[in-house]
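I have placed the structure first, in the form of structure tokens, so that the comments after it can refer back to it.
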Amino acid sequence: MTEIIYMSGLDRCYVKEFPADVIEIDEDDKWVILDRTAFYPEGGGQPTDTGYFHWEDTKARVVNVKKGNRVKHFVVGDVPRVGTTVLGTIDWDRRYAHMKMHTAQHLLSAVIWEKFRAVTVGNQIHADHSHIDFHPASFSMKDLEPVEKRVNDIIIEDQGIDLLFMSRDKISSFVEQERVDLSRLPSSVTELRTILIGENGEIDTCPCAGTHVMSLKELGQMLITKRKSKGSGKIRIQYELK
Ligand SMILES: [Zn+2]
């Protein structure tokens, strides 16, 4: 099993350089499995991290990271041998932009739920803009003005953000079932990595395996830039961070 460095704490999401040992490779498909990694694999609407592996006098470009049962780093260039210790370096500007966008998504999803009881049914993060799909939704662009203000107030107040591992029973007492459907998570998972925003998670309490900032003020200012109806009561909101 690969140790996922960013899983164990919010501060660990800021690891951008790490040594690791190569434990398995495929020279034809050019992927590498490490004993530990800080690379985020494509998933949950967040794109893959990119970066490099450095070893001896050479380096390989990490162009994609995928997670099935194991985390596979797809590389361009030489493939390091099994047993090699590599230094992984993440393209930090890109990852940090994704981290901020993903954390902002928690806020926007929470505020839309609070105001309109619309559930987040999809999302896509990019470094410069992102979107979230809500259902059932009927709000107008005008309705979104107080939403944007509420999100920015939470950021300005620099409300707390925490990462806790919670038992399934404990988290079900925190979250509203209509918003977060815990039954979709495999029953083998008993301890859930949970993100809490606000005092005792009152703004958002959500099981999540993603990357997040340590302080909401790092988000700057959120702008809702577009609202688009996707039919069947679904609305897409696009946002940016300035
Ligand atoms: Zn998250």
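Atoms within a ligand are numbered from 1 in the order they appear, just like the ligands themselves.
Considering R81, K72, R70 in turn, R70 is the only one that fulfils the salt bridge (Lys or Arg N to Asp or Glu O under 4.0 Å) rule with E24.
Here the closest heavy-atom approach between residue Y14 and residue M214 is recorded as OH-N, 2.8 Å. Of all non-hydrogen atoms in R179 and V119, the two that sit nearest each other are O-CG1, 4.0 Å. A pairwise comparison of heavy atoms in Y40 and A209 identifies CE1-O, 4.1 Å as the closest pair.
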Check the pair K66, W31 against side chain to side chain contact (heavy atoms under 4.5 Å, CB included), reporting the backbone distance first and the verdict last. CA-CA 10 Å; K66 286 186 186 279; W31 52 252; over 6 Å; no
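Within the sub-2.8 Å shell of the Zn ion (ligand 1), the protein contributes these N/O/S atoms: H102 NE2, H106 NE2, C208 SG, H212 NE2.
Sequence neighbours left out, the pairs with a member in residues 210-229 that pass salt bridge (Lys or Arg N to Asp or Glu O under 4.0 Å) are D158-K217.
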